[in-house]
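Heads up: the structure comes next, in structure tokens.
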There are 4 protein chains.
Amino acid sequence: MAKPNIVQKNDLIQSAKACLVEKGIERFTLRAVAEMAGVTQGTVYYHFRTKEQLFLEVVKDICDRSWDDLTRTDDNFIQEAIASAKSRCSYDSFYHKLFLTLIVSGFHHEQIREQLGEILMKENRVLTDHLSRLWREESPVEGVSFETWGIMLNAIVDGLAIQALLSKDFPVEKTYEELEHFFKAMTAHTAGEEEKE
Amino acid sequence: MAKPNIVQKNDLIQSAKACLVEKGIERFTLRAVAEMAGVTQGTVYYHFRTKEQLFLEVVKDICDRSWDDLTRTDDNFIQEAIASAKSRCSYDSFYHKLFLTLIVSGFHHEQIREQLGEILMKENRVLTDHLSRLWREESPVEGVSFETWGIMLNAIVDGLAIQALLSKDFPVEKTYEELEHFFKAMTAHTAGEEEKE
Amino acid sequence: MAKPNIVQKNDLIQSAKACLVEKGIERFTLRAVAEMAGVTQGTVYYHFRTKEQLFLEVVKDICDRSWDDLTRTDDNFIQEAIASAKSRCSYDSFYHKLFLTLIVSGFHHEQIREQLGEILMKENRVLTDHLSRLWREESPVEGVSFETWGIMLNAIVDGLAIQALLSKDFPVEKTYEELEHFFKAMTAHTAGEEEKE
Amino acid sequence: MAKPNIVQKNDLIQSAKACLVEKGIERFTLRAVAEMAGVTQGTVYYHFRTKEQLFLEVVKDICDRSWDDLTRTDDNFIQEAIASAKSRCSYDSFYHKLFLTLIVSGFHHEQIREQLGEILMKENRVLTDHLSRLWREESPVEGVSFETWGIMLNAIVDGLAIQALLSKDFPVEKTYEELEHFFKAMTAHTAGEEEKE
DNA sequence: GATGAATGAGAATTCATTCAT
DNA sequence: AATGAATGAATTCTCATTCAT
């Protein structure tokens, strides 16, 4: 139903993301966003009253998309989550460049920081739930709660992304293969223990 | 015996770090650095020919310090590394705010990116070495190489830092306790298996 | 029986006046006028082809109202004029804020300047006439013509308004009381002199 | 001692005044000020951090000059004050255009408003003092205090200025001649009354 | 070594105005 | 009659950088 010839706010938000990744925070100018979207600066200001507002709407967009991803349920959730993380783990990862850029900008913008924090916590919770289901409520390592497993898995994904972003030589394939292996081993371990009973 | 102007230069670098953390990349201006150091803008230019040069020296400073930390050897290296990581894991962590800020700025500055990448890889290697020594060359989980264990541990530290930076409620204590527990369990596991032999 | 669009036009003019007083010339924007009137910018353009046109109609409106005030005749005109002036003489006087704002804008807009000048001259003439009638064609001070008396009275009213606008402590009551006293004394003086003859 | 080739703040303030009068508040831009002073916009910002700051310093300058004028004492103060007022009373009066422009801008800037208010009150007081001395503490019209005489005289000067600014035909000469006449008559009146004693 | 005045390029932002609907 | 999207020119303001002293 989008009218032709009318620049949609959404187009501008997508352009803003691209600019943010292409140019970085420092050179993220509304002029660049406008040019990328093929409109004038005035148009950007018509839709977003300030640069900050546009920024916020970019974050909101990211969070909404993330939310949608998290709410689909699936039996192979953990495996798929790892596969998805792997696919986004690279030297040029648009996703992680954007995410880290927003995190850093969040250090000086409480609203952004909170929103990103909420998404991360939500991810933690969803991972925790799925791991707990996968492992039938029994942690493979005594003294390590499911909550912590969820937090760890999430942390690993972000930590690996950073390493991949910073080093062209980072062994994405090998690392993710062994990460999957590790989780399978943990799963086998819990299954094995149950069998013993 | 450091010459006075070297002292000055170092002051400026420390001021630059503080500015970077306090104001963020966007508002990281040479004027702010000068003010914080109690000198004029001209003085900054006397020591660093451009803003970029100052930036690079900040990165170099970070890397040098990191290097120093890594080259001290110690029997309890892993435990101490985790303890140190925990102590820097908070909502207001100067260290991680600075580190992430530099990482993000590295996305558009190859030289910075490479230097930070090298440090991370060096960390991976050192962790790998120490884990391999701790576990007497036997990985606690079959199919997971020591290299990957090192990478993972490093990733976890960064990933947890991000979570702590974004959420006031992040359970730093509990998570690190259980992380230590996990590594102890892994250590016990390898020790146990060896005993069996 | 006024047509609806004439009502609208008038609403816009009143909103424009309010904006002018509330925000001042510098921030007198058509957007603000539109918002205050509860319409969109486009609507303002439907009624007035340019910002200048709206401005001119505001001036015209002021002048028309002023004209109406002046043309009512009354035996106590002078006394009532002073009373009316006093009532509009305050730190927050909408009337004088608007009037002075328009005067200042008139410095760079000949048409406005002329219209405002004409109103002032008309006021002078009306005051002159009434004083001359009140004083039976005999000036209370030899060598001071009725024309000058009219000009003076008008000048005093504006000059006092400025003082009241700029100082919260300006003694409006006392000053106007003594001003009335002064004119009564002048009136008594002329009456007295006539009696002597 | 002013260094050559270094644009003095004061030059900029004088340029600002000229711009304000030439272009009016609406078109009073820092670019125009810079051009008039023969420097770049950056220079203006080096000396005054904001447009508002420049504005304030213009007001301060006006007030300081006014203050200096008022503090010189003189036996013929009143006569000279009237002569001075007359000389500044014209259709093109730089002084009054500037003063009124600042007054109007003061409606939305408390600091400016206060400063201008203080100057006016100071003028009132000085006029009051001199009139009281001139008339040997006896008001020429009973019931009209010296304070009110001072206020009135000041109001008349401003009010006449407005009339002159708005009408090319305003009879400056005649009006001021009769105004002087009036004050002389009042003076004679008090002197006469004393003689009677 | 250090300073402060000055610059100029470019940033965010505002706003009168146009126009298709 | 009225709207709202879009424009573009102008404005305030920032900042890295230069340079004479």
Side-chain angles (χ1 to χ4, degrees), chain A residues 3-9 12 26-34 37-55, chain B residues 3-6 8-9 12 26-34 37-55, chain C residues 3-5 8-9 12 26-34 37-55, chain D residues 3-9 12 26-34 37-54:
Chain A
K3 295 181 196 170
N5 195 22
I6 291 181
V7 174
Q8 236 54 39
K9 263 181 110 165
L12 289 170
E26 305 159 77
R27 287 180 201 156
F28 171 70
T29 68
L30 293 191
R31 181 210 256 250
V33 173
V39 297
T40 60
Q41 286 187 63
T43 304
V44 181
Y45 274 89
Y46 178 76
H47 290 286
F48 310 92
R49 294 171 82 111
T50 63
K51 189 185 183 182
E52 195 182 312
Q53 192 54 39
L54 171 55
F55 224 98
Chain B
K3 294 179 195 170
N5 62 331
I6 288 187
Q8 267 259 33
K9 210 173 163 177
L12 288 170
E26 306 160 79
R27 286 178 200 162
F28 171 70
T29 69
L30 294 191
R31 185 209 257 238
V33 174
V39 297
T40 59
Q41 285 185 67
T43 306
V44 180
Y45 269 85
Y46 179 79
H47 290 287
F48 309 93
R49 285 186 311 182
T50 63
K51 188 185 185 183
E52 195 183 316
Q53 193 54 41
L54 170 56
F55 221 100
Chain C
K3 293 179 195 170
N5 62 330
Q8 267 261 34
K9 211 172 163 175
L12 288 171
E26 306 160 78
R27 289 181 197 158
F28 170 70
T29 68
L30 293 192
R31 185 208 258 239
V33 174
V39 296
T40 59
Q41 285 185 68
T43 306
V44 180
Y45 269 84
Y46 179 79
H47 290 288
F48 309 93
R49 284 188 312 181
T50 64
K51 189 185 184 183
E52 195 183 316
Q53 193 53 40
L54 170 57
F55 220 100
Chain D
K3 295 180 194 170
N5 195 21
I6 291 181
V7 174
Q8 237 53 41
K9 262 181 110 164
L12 290 171
E26 306 160 75
R27 287 178 201 158
F28 170 70
T29 68
L30 294 191
R31 180 210 257 249
V33 174
V39 297
T40 59
Q41 287 185 60
T43 303
V44 181
Y45 274 91
Y46 178 76
H47 290 286
F48 310 92
R49 293 173 82 112
T50 62
K51 188 185 183 182
E52 195 182 313
Q53 191 55 39
L54 171 55

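All chains are named by letter (A, B, ...) in the order of the sequence lines, taking the proteins before the strands, and each is independently numbered beginning at 1. Only heavy atoms go into these numbers, but all of them, side chains included; no hydrogens, no water, no symmetry mates. For clarity, every value in this text was computed on a predicted model and none was experimentally measured.
Whole-Å rounding puts the D:K9 NZ to E:dG4 C1' distance at 14 Å. The distance from atom CG of A:L12 to atom C1' of F:dA6 is 11 Å, rounded to the nearest whole Å. Spacing between atom CZ of C:F48 and atom C1' of F:dA1 amounts to 14 Å, rounded to whole angstrom units.
Here, E:dG1 and F:dT21 have their C1' atoms 13 Å apart, quoted to the whole Å.
With rounding to the nearest 0.5 Å, the separation of CD in D:Q53 from NE2 in D:H47 is 13.0 Å.
The closest side-chain heavy-atom distance from B:V33 to B:F48 is not below 4.5 Å. A 4.5 Å side-chain heavy-atom check between B:Q41 and B:V44 finds every atom pair outside the cut-off. Using a 4.5 Å heavy-atom cutoff, the side chains of B:V39 and B:Y46 are not in contact.
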Nucleotides 15-18 of chain F: which of its N/O atoms have a protein N/O under 3.5 Å away?
unit_1 : atom_1 : unit_2 : atom_2 : d
F:dA16 : OP1    : B:K51  : NZ     : 2.8
F:dA16 : OP2    : B:L30  : N      : 2.9
F:dT17 : OP2    : B:Y45  : OH     : 2.8
F:dT17 : OP2    : B:K51  : N      : 2.8
F:dT17 : O5'    : B:Y45  : OH     : 3.2
F:dT17 : O4     : B:Q41  : OE1    : 3.4

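Under 4.0 angstrom from either OP1 or OP2 of F:dG4 there lies no side-chain N or O belonging to A:H47. When the side-chain nitrogen and oxygen atoms of B:T43 are compared with OP1 and OP2 of E:dA2, none of them lie within a distance under 4.0 Å.
As the counterpart of F:dA16, E:dT7 is assigned, both hydrogen-bonding distances of the Watson-Crick or G-U wobble pattern falling under 3.5 Å. Across all strands shown, E:dA2 is found opposite F:dT21 as a Watson-Crick or G-U wobble partner, with both distances under 3.5 Å.
The heavy-atom pair separating B:Y45 from B:K51 by the smallest distance is OH-N, 4.5 Å.
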Please step through side chain to side chain contact (heavy atoms under 4.5 Å, CB included) for the pair B:T50 and B:F55, ending with a clear verdict. CA-CA 9 Å; B:T50 63; B:F55 221 100; over 6 Å; no
